[in-house]
A.B. asks: 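A single structure is presented below for examination.
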Amino acid sequence: MIDAANLLYRIKECPHDDTLYLLEKVSNGGGFFALNGNFLYMVPNTEACTSQNIKTEYLRLQTSTHISAFNVSTPSFGNGYYNFIELFIAEKDDCVENLSAFVNLCVSYAVNSEEIDFISFFDSLVKLFQLPREQSHKNLIGLLGELLVIQYVFQEMALDISKYWHSSGSTSKLDFVCPKCNLEVKTTASNSFSFMIKHEQLFTAPKNNYLLAVSVEENNTGYTLNEIIASMMESPDYCNSLSFATNIEKEKRRVQASDMASKRFLFKSIKAYHAPEINPFGAIPECVDSLSYKLDLVAFTPIDIEDVFKIDKLSPKVTYNIGTVNQLNMGNGSQTLTLPSLEK
């Protein structure tokens, strides 16, 4: 595995003289290069691509360009026509993270380049590195709600459900697949309790399926997503599995780093609904596929969240000593969610 931090240091050490400096050779005849402080993945133009030059905030695609400015002593990279994708290196907090993701994806493409052409590969990178602002905000709110559910269930019921979160990776049908229940989490930062529902997702075999509706408020006295993630990752009592850490990194890629560090939220409430009790339809005709719609939950009565996890309400609650805690106000003054101290 290529060390992104070390690679970044090597990039900064190379002169800014319009010369390509080879950093690493990659399979399929490609290589990683430094050019004037930026990072390039370059391959010979074996696909006979026509000349294109596309630039985004983070990336630049250049195809069928003649290269003759190598600073290498190997015949693997002679003068000729190449395609390359340039990653712009900036002094930002997510610089190493972006570089690491870019390198890993390029290495994966090099191994499987027969499955996708170079320009299509670039398009897939653009979708990853250039999230539309609106989608990034939706991803932020969604991730925030799912993490708050994990915190709430642990602190109120002494259950660690982090290992059941996205248990099938990005293909998970529901957000949590637990031993006694399956959970789909919907989060709102507004006063609306209307959520987009994928019918088949929630109401196919719905007996053990539950919808958890999380309400948050953007408020400068609250916590950032980065702070919430840090508090969970540093706790010795839960969220300690490799799968949780992996899923966190995957989900962080779908949110603007600046929003994760700057937007602050207060947690207001979680309401639970048993899927069969909120199903607005009877039988769906076989000719209807992929039915999606907005469902307003105001008309339905929530159940106790302990009932979701089949908790005996008369059994003593387990108390975990997690040291100094900060209180995250739930908004209505009736409840609080505690977080491990973020102070060093």
Side-chain angles (χ1 to χ4, degrees), residues 130-153 155-156 161 165-166 172 174-176 182-203 209-229 231-232 248 251-275 277-281 290-305 308 326-339:
Q130 305 291 130
L131 273 175
R133 196 72 181 179
E134 181 180 356
Q135 186 60 53
S136 173
H137 183 73
K138 289 180 180 179
N139 294 345
L140 169 66
I141 298 299
L143 176 57
L144 176 67
E146 292 167 17
L147 296 183
L148 290 176
V149 166
I150 294 173
Q151 285 189 330
Y152 184 88
V153 170
Q155 293 174 3
E156 295 298 315
I161 62 171
W165 179 50
H166 293 191
S172 294
L174 295 168
D175 294 317
F176 296 86
N182 306 314
L183 313 176
E184 178 64 15
V185 179
K186 298 294 183 181
T187 308
T188 180
S190 69
N191 294 325
S192 172
F193 244 55
S194 181
F195 299 98
M196 183 61 67
I197 300 296
K198 295 179 180 179
H199 189 88
E200 182 180 4
Q201 180 185 43
L202 188 61
F203 298 117
N209 291 353
Y210 295 83
L211 178 65
L212 300 186
V214 180
S215 178
V216 299
E217 173 188 332
E218 190 167 352
N219 190 301
N220 59 12
T221 65
Y223 286 83
T224 67
L225 185 58
N226 278 347
E227 289 172 341
I228 292 172
I229 291 173
S231 74
M232 300 175 80
I248 281 289
E251 293 302 313
K252 284 167 60 178
R253 298 296 308 164
R254 303 174 62 239
V255 181
Q256 293 281 354
S258 58
D259 290 346
M260 292 177 58
S262 63
K263 290 185 178 294
R264 295 182 174 274
F265 296 89
L266 293 177
F267 172 55
K268 297 172 66 177
S269 66
I270 294 179
K271 295 183 179 181
Y273 302 85
H274 193 199
E277 297 175 7
I278 61 173
N279 186 351
F281 298 105
S290 302
L291 177 63
S292 297
Y293 49 87
K294 277 197 169 185
L295 181 65
D296 192 341
L297 295 177
V298 172
F300 301 96
T301 302
I303 63 175
D304 289 341
I305 196 167
V308 174
N326 295 323
Q327 291 188 331
L328 182 58
N329 195 323
M330 295 184 69
N332 57 13
S334 62
Q335 295 175 298
T336 59
L337 180 67
T338 58
L339 294 171

A.B. asks: Not counting sequence neighbours, which residues clear salt bridge (charged side-chain N to carboxylate O under 4.0 Å, His left out) with Glu200? List them please.
C.D. replies: none
A.B. asks: Between Asn139 (side chain only) and Arg254 (backbone N and O only), is there a donor and an acceptor less than 3.5 Å apart?
C.D. replies: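 Yes, Asn139 side chain to Arg254 backbone: donor-acceptor pair under 3.5 Å.
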A.B. asks: Thr224: which residues meet the side-chain contact (heavy atoms from CB on, under 4.5 Å) condition with it, sequence neighbours left out?
C.D. replies: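 With sequence neighbours excluded, Thr224 shows a side-chain contact (heavy atoms from CB on, under 4.5 Å) to Asn226, Glu227, Arg264, given in chain and number order.
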A.B. asks: Applying side chain to side chain contact (heavy atoms under 4.5 Å, CB included), run through Ile248 and Met232 and close with a yes or a no.
C.D. replies: CA-CA 11 Å; Ile248 281 289; Met232 300 175 80; 5.9 Å; no
A.B. asks: Start with the C-alpha gap between Ile305 and Tyr210, add the side-chain angles, then the distance that decides, and say whether side chain to side chain contact (heavy atoms under 4.5 Å, CB included) holds.
C.D. replies: CA-CA 10 Å; Ile305 196 167; Tyr210 295 83; over 6 Å; no
A.B. asks: At their closest point, which heavy atom of Lys186 faces which heavy atom of Met196, and how far apart are they?
C.D. replies: NZ-O, 3.0 Å
A.B. asks: Taking ring-ring contact (aromatic ring centres under 6.0 Å, His included) as the definition, give me every residue that meets it alongside His199, ordered by chain and number, with sequence neighbours left out.
C.D. replies: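 Here the qualifying residues are Phe203, Phe281, Tyr293.
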A.B. asks: Quick one: pull up CG in Asn219 and NZ in Lys268 and give me the separation to the nearest 0.5 Å.
C.D. replies: 10.5 Å
A.B. asks: Go through the steps for Leu225 and Asp259 under the test side chain to side chain contact (heavy atoms under 4.5 Å, CB included), then give the verdict.
C.D. replies: CA-CA 8 Å; Leu225 185 58; Asp259 290 346; over 6 Å; no
A.B. asks: Measuring from atom CD1 of Ile161 to atom CD of Gln151, what distance do you get when rounded to the nearest 0.5 angstrom?
C.D. replies: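 Going from CD1 on Ile161 over to CD on Gln151, the span is 11.0 Å.
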A.B. asks: Indicate the atoms forming the closest heavy-atom contact of Pro280 with Leu295, along with that distance.
C.D. replies: CG-CD1, 4.2 Å
A.B. asks: Once you round to the nearest 0.5 Å, how far does CG of Leu202 lie from CG of Leu183?
C.D. replies: 10.5 Å
A.B. asks: How long is the gap from NZ on Lys252 to CE on Met260, to the nearest 0.5 Å?
C.D. replies: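 Result: 5.0 Å between the selected atoms.
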A.B. asks: Taking C-beta and beyond as the side chain, do Val149 and Trp165 meet within less than 4.5 Å on heavy atoms?
C.D. replies: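 A side-chain contact under 4.5 Å is absent here.
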A.B. asks: Report the residues that fulfil side-chain contact (heavy atoms from CB on, under 4.5 Å) with Ala213, sequence neighbours left out, ordered by chain and then residue number.
C.D. replies: Phe193, Phe195, Tyr273, Leu297
A.B. asks: Write out all pairs satisfying salt bridge (charged side-chain N to carboxylate O under 4.0 Å, His left out) with one or both partners inside residues 188-197, taking only residues at least two apart or from two chains.
C.D. replies: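 For residues 188-197: none.
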A.B. asks: To the nearest 0.5 Å, what is the distance between CD on Glu146 and NE2 on His166?
C.D. replies: 4.0 Å
A.B. asks: Could you tell me which non-hydrogen atom of Ile270 sits nearest to which non-hydrogen atom of Leu148, and how far apart they are?
C.D. replies: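 Reported closest heavy-atom pair: CD1-O, 4.3 Å.
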A.B. asks: Report the distance from atom CG of Leu211 to atom CD1 of Ile278, rounding to the nearest 0.5 Å.
C.D. replies: 4.5 Å
A.B. asks: Looking only at heavy atoms, which two atoms of Val308 and Ala272 are closest? And how far apart?
C.D. replies: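 Looks like CG2-CB, 3.7 Å.
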A.B. asks: Taking all heavy atoms of Ser192 and all of Thr188, pick out the closest pair and write down the distance.
C.D. replies: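 Nearest pair, atom of Ser192 first, then Thr188: O-OG1, 3.2 Å.
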A.B. asks: Are Phe265 and Thr187 packed together at the side-chain level, in the sense that at least one heavy-atom pair is separated by less than 4.5 angstrom?
C.D. replies: no
A.B. asks: Considering residues at least two apart in sequence or located in another chain, which fulfil the salt bridge (charged side-chain N to carboxylate O under 4.0 Å, His left out) criterion with Lys271?
C.D. replies: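 Testing Lys271 for salt bridge (charged side-chain N to carboxylate O under 4.0 Å, His left out), a comparison that skips the adjacent residues, returns none.
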A.B. asks: Backbone N or O of Ala275 within a donor-acceptor pair of the Asn209 side chain at under 3.5 Å?
C.D. replies: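 Here the side-chain-to-backbone pair does not exist.
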A.B. asks: Go through it in stages, so that I can follow the logic: the residues are Leu144 and Phe267, the test is side chain to side chain contact (heavy atoms under 4.5 Å, CB included), and I'd like the CA-CA distance, side-chain angles, deciding distance and then a yes or no.
C.D. replies: CA-CA 10 Å; Leu144 176 67; Phe267 172 55; over 6 Å; no
